[in-house]
*Asks:* 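Take a look at the following structure, please.
The structure presented is a predicted model; accordingly, all values stated were derived computationally and were not measured.
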Amino acid sequence: MPVPWFLLSLALGRSPVVFSLERLVEPQDTAYCSPGLSCHLWDGDTLCLPGSIVPVPGPVLVPTHLQTELVLRCHQETDCGICVRVAVHLAVHGHWEEPEDEETLGGAADQELEEPRNASLQAQVVLSFQAYPTTRCVLLEVQVPAALVQPGQSVGSVVFDCFEAALGGEMRIWSYTQPRYQKELNLTQQLPALPWLDVSTYGDDVRLVLNVSEEQRFGLSLYWNQVQGSPKPWWNRNLTGPQTITLNHTDLVPCLCIQVWPLEPDSVRTDICPFKEDPRAHRNLWHAARLRLLSPRSWRLEAPCSLHAEAGLCWQALGGGPCQPLVPLLPWENVTVNEAREFPLLKGHPNLCVQVSSWEKLQLQECFWADSLGPLKDDVLLVETRRPHDSRSLCALEPSGCTSLPSRASTRAAHLGEQLLLDLQSGQCLQLWDDDLGALWACPMDKYIHKRWALVWLACLLFTAVLFLLLLLKKDHVKGWLRLLKQDVRSGAATTRGRATLLLYSADDAGFERLVGVLASALCQLPLRVAVDLWSRRELSAQGPLAWFHAQRLQTLQEGGMVVLLFSPGAVALCSEWLQDPAPAPGAHGPHDAFAASLSCVLPDFLQGRAPGRYVGACFDRLLHPDAVPALFRTVPVFSLPSQLPDFLGALQGPCARRPRRLGETVEQVSRALQQALDSCFQTPRAPGPGRTMGPEAGDQT
């Protein structure tokens, strides 16, 4: 939506200047007066008949000066037109008449003379406006209190809003009173032919439309109006004729200004800053702001415009978590952009970071001292608070807060409280800051971690020695065990190291889940290491379907395994739903439905062509035909079980398949188990879930 328009070149002689016109939102004419006066605008226009000049009966109000101003009257946000505001200055003309024979009239004449002098003055002022093709006359009624009635003195003004006019024409304005006590006051003025600057939004772009006639040549400059220092130029062009400049919305900042001047010697340059209140400009300003390192204790906030911001130090622990502000010892300070700042630190530390906030919202955070002082350290920050009468308290800054030392809390600093206090007293801690209110100390924790590792290594060595001693005592049993292990390896009995396989299916009903369980149990005999949510309900409930599937899929693919998509009518419906709307409503499927949760990770592999060699599809005879599987998933082999079981098992085992004889025996066993489960599935009545269809005819309907 266009922002307010600006007039770009009011042609006054040969030195055009630029004005920002006031916008009137009232579509009706109005009138208002200076303080002390009261005025009223008569409804409708009046006749433009000045009449003849009549004698002045006493003090009357007359127009003394006319003043005009161009404004914009807007009927809608983008429907604006030029309007002429007229101000009429008024003064008192004439005197009170004195009685001719004071002795004859006596006290009665004095009383009659005082009454009119204490009365207010009223006048009907006519404004006549003429500008082709418009002619109008309006009547303003003005009343002046007696206290302001001083012959020959100005009493104030009355303002009329406003006469609509056309650009480029001539306007004439008259003002007189009814009845008319003096010659009409008139003003003749040329309305300029004005080029316009329209700032509007078009999609993600901002357009500056400069409507300049072909005879006029202008210079146009875009710059950042910085509070400190000289303006920083950004874009500068010489223009002739109408021009349209397109800016990306990311280029807008509040201090982006436009400068316009005619390409003439000693021309006047005028500036407009139309984006001061634009919310996009304020967001872009924070995106462009940067924290820069100057030294181990000083920094600078760089931004193209001034910012209302505060900065403070915080402590970033090695284990992660939020950076903890060091208040109230080191309170927030106001920031001036592009100016070096320095905190009153005695020493720098890589764990100290700078936070910049605006209106209590954190905008920037940088731990840039780590670049010069090294990586984050496993140090604990001790905060010393000093109180009157030489009393002090110490606490260790941790993610849970500042833990008092010594303390019985169950935190790391509390467990090492006595050792940390001894380190502080012996001078092993680095003092970062010190004043009358307190101090900051960084105490290393590496030596305590090394002590723990030393104990662990000592326990490992002791366990190894005991184990070696037992082996020496039982060497005959060990030899027998090694022989058995060698035989098992040769016979291929180590089935636990089979290829990883992840089964994904849609839990249409209990019968289908039994069918999946039979298949999973049979695959474990190949050998294959099978993962299926039926056997991991506890982990599935604890982690959530999406997290569980993501971890299983990542482990399976990293080990070179296969992900098996078991398609059923319900699975096909879910796939179609995701392909149409990849963001289904949360809670639309059951808490254990890993298939629905996994589609958000499976679909990108198929869409980006990474599925072949990592995925296979399968469906069950009479339950779903392979052609019913969506075309996207048929980019990998889709097998119908148990009729295509040998090919399916061969795809799962890959190049390390068993000998044909052993594989044939397994195929027969698996085929019999699946066939029995399928027969049981169709003989038992089922209650399909919402939106799912089960039965022999489901494949034809899909």
*Asks:* E170 and T188: side chain to side chain contact (heavy atoms under 4.5 Å, CB included), yes or no, with the steps?
*Replies:* CA-CA 7 Å; E170 184 181 76; T188 301; 3.8 Å; yes
*Asks:* Does the pair T30 and L41 meet the rule for a side chain to side chain contact (heavy atoms under 4.5 Å, CB included), with working shown?
*Replies:* CA-CA 7 Å; T30 57; L41 173 64; 5.6 Å; no
*Asks:* Would you mind reporting whether T177 and P63 have side-chain heavy atoms less than 4.5 Å apart?
*Replies:*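 Heavy-atom side-chain distance check passes, below 4.5 Å.
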*Asks:* Using side-chain heavy atoms (C-beta onward) and a distance below 4.5 Å, is R180 in contact with Q182?
*Replies:* no
*Asks:* What heavy-atom pair brings D435 and L437 nearest, and what distance separates the two atoms?
*Replies:*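 That closest heavy-atom pairing would be OD1-N, 2.9 Å.
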*Asks:* Of the non-hydrogen atoms in L140 and A31, which two are nearest, and what is the gap between them?
*Replies:*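 The answer is CD2-CB, 3.8 Å.
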*Asks:* Which heavy atom in S306 sits nearest to a heavy atom in V337, and how many Å separate them?
*Replies:* CA-CG2, 3.8 Å
*Asks:* Kindly give the heavy-atom pair with the smallest separation between L301 and V356, and that separation in Å.
*Replies:* CD2-CG1, 4.2 Å
*Asks:* What's the spacing between T46 OG1 and Q124 CD if we round to 0.5 Å?
*Replies:* 8.5 Å
*Asks:* What is the distance from atom OG of S357 to atom CH2 of W332, rounded to the nearest 0.5 Å?
*Replies:* 4.0 Å
*Asks:* Show your working on disulfide (SG to SG under 2.5 Å) between C255 and C273 and close with a plain yes or no.
*Replies:* CA-CA 7 Å; C255 62; C273 302; over 6 Å; no
*Asks:* Indicate whether any N or O donor in one side chain lies under 3.5 Å from an N or O acceptor in the other, for Q143 and S120.
*Replies:*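 Distance-only check passes for Q143 and S120.
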*Asks:* Salt bridge (charged side-chain N to carboxylate O under 4.0 Å, His left out), that's the test. Do E302 and R292 meet it? Break it down for me.
*Replies:* CA-CA 7 Å; E302 297 179 351; R292 299 297 182 190; 3.2 Å; yes
*Asks:* Using 0.5 Å steps for rounding, measure from the CD atom of Q608 to the CG atom of L603.
*Replies:* 10.5 Å
*Asks:* As a quick check of understanding, evaluate side chain to side chain contact (heavy atoms under 4.5 Å, CB included) for L90 and H65, giving each step before the final call.
*Replies:* CA-CA 7 Å; L90 302 173; H65 179 63; over 6 Å; no
*Asks:* What are the two closest non-hydrogen atoms of F275 and A281, and how far apart are they?
*Replies:* O-CB, 3.8 Å
*Asks:* Run the side chain to side chain contact (heavy atoms under 4.5 Å, CB included) test on L326 and L440 for me, step by step, so that the C-alpha distance in whole Å, both residues' side-chain angles and the decisive distance to 0.1 Å come before the verdict.
*Replies:* CA-CA 9 Å; L326 303 182; L440 297 175; 3.7 Å; yes
*Asks:* Kindly indicate whether the side chain of V54, heavy atoms from C-beta on, has any atom under 4.5 Å from the side chain of Y181.
*Replies:*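 They are in side-chain contact.
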*Asks:* For a 4.5 angstrom cut-off between non-hydrogen side-chain atoms, does L127 reach L66?
*Replies:*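 Sidechains of L66 and L127: in contact.
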*Asks:* Taking S175's backbone N and O only, do any of them form a donor-acceptor pair with N186's side chain (distance below 3.5 Å, no angle check)?
*Replies:* no
*Asks:* Give yes when the SG atoms of C162 and C83 are nearer than 2.5 Å, otherwise give no.
*Replies:* yes
*Asks:* Can any side-chain N or O of R237 pair as donor or acceptor with the backbone N or O of L220 at less than 3.5 Å?
*Replies:* no
*Asks:* Can you tell if the side chain of P59 reaches within under 4.5 Å of the side chain of L121, non-hydrogen atoms only?
*Replies:*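 Heavy-atom side-chain distance check passes, below 4.5 Å.
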*Asks:* Is the distance between the SG atoms of C323 and C353 less than 2.5 Å?
*Replies:* no
*Asks:* For E164, give me all partners under salt bridge (Lys or Arg N to Asp or Glu O under 4.0 Å), at least two apart in sequence or on another chain.
*Replies:*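 For E164 the salt bridge (Lys or Arg N to Asp or Glu O under 4.0 Å) partners, ignoring immediate neighbours, are R73.
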*Asks:* How long is the straight-line distance from OH of Y176 back to CG of L49, given to the nearest 0.5 Å?
*Replies:*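 Rounded to the nearest 0.5 Å, the CG-OH separation comes to 7.0 Å.
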*Asks:* Is there a side-chain contact between W174 and Q130 in this structure, where contact means two heavy atoms from C-beta onward sitting under 4.5 Å apart?
*Replies:* yes
*Asks:* Under a 4.0 Å threshold between the charged nitrogen and the carboxylate oxygen, would D251 count as salt-bridged to R280?
*Replies:*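 No, R280 and D251 are not salt-bridged.
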*Asks:* Which distance, rounded to the nearest 0.5 Å, do you find between the CH2 of W315 and the CG of L352?
*Replies:*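 Here the interatomic distance stands at 5.5 Å.
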*Asks:* Near W235 CH2, under 6.0 Å, is it more than 12 heavy atoms from other residues, nucleotides or ligands?
*Replies:*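 Result for CH2/W235: enclosed.
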*Asks:* Less than 4.5 Å apart, any side-chain heavy atom of V56 and any of V62?
*Replies:* no
*Asks:* Drop me the distance from H308's NE2 to N334's CG, to the nearest 0.5 angstrom.
*Replies:*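 Reported to 0.5 Å precision, the distance equals 6.5 Å.
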*Asks:* What heavy-atom pair brings Q355 and P325 nearest, and what distance separates the two atoms?
*Replies:*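 It is OE1-CG, 3.7 Å.
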*Asks:* Is it true that the side chains of T68 and Q189 contain a donor and an acceptor less than 3.5 Å apart?
*Replies:*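 Side chains of T68 and Q189: pair found under 3.5 Å.
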*Asks:* Would you check if the side chain of T64 reaches a backbone N or O of H89 as a donor-acceptor pair within less than 3.5 Å?
*Replies:* yes
*Asks:* What residues, two or more places apart in sequence or in another chain, satisfy side-chain contact (heavy atoms from CB on, under 4.5 Å) together with Q259?
*Replies:*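 So Q259 forms a side-chain contact (heavy atoms from CB on, under 4.5 Å) with S221, Y223, W261, R269, D271.
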*Asks:* Give a yes or no answer on whether the side chain of N284 reaches the backbone of V253 with a donor-acceptor pair at less than 3.5 Å.
*Replies:* no
*Asks:* Check whether any side-chain heavy atom of V149 lies under 4.5 Å from a side-chain heavy atom of V155, and answer yes or no.
*Replies:*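 They are not in contact (no side-chain heavy atoms under 4.5 Å apart), so the answer is no.
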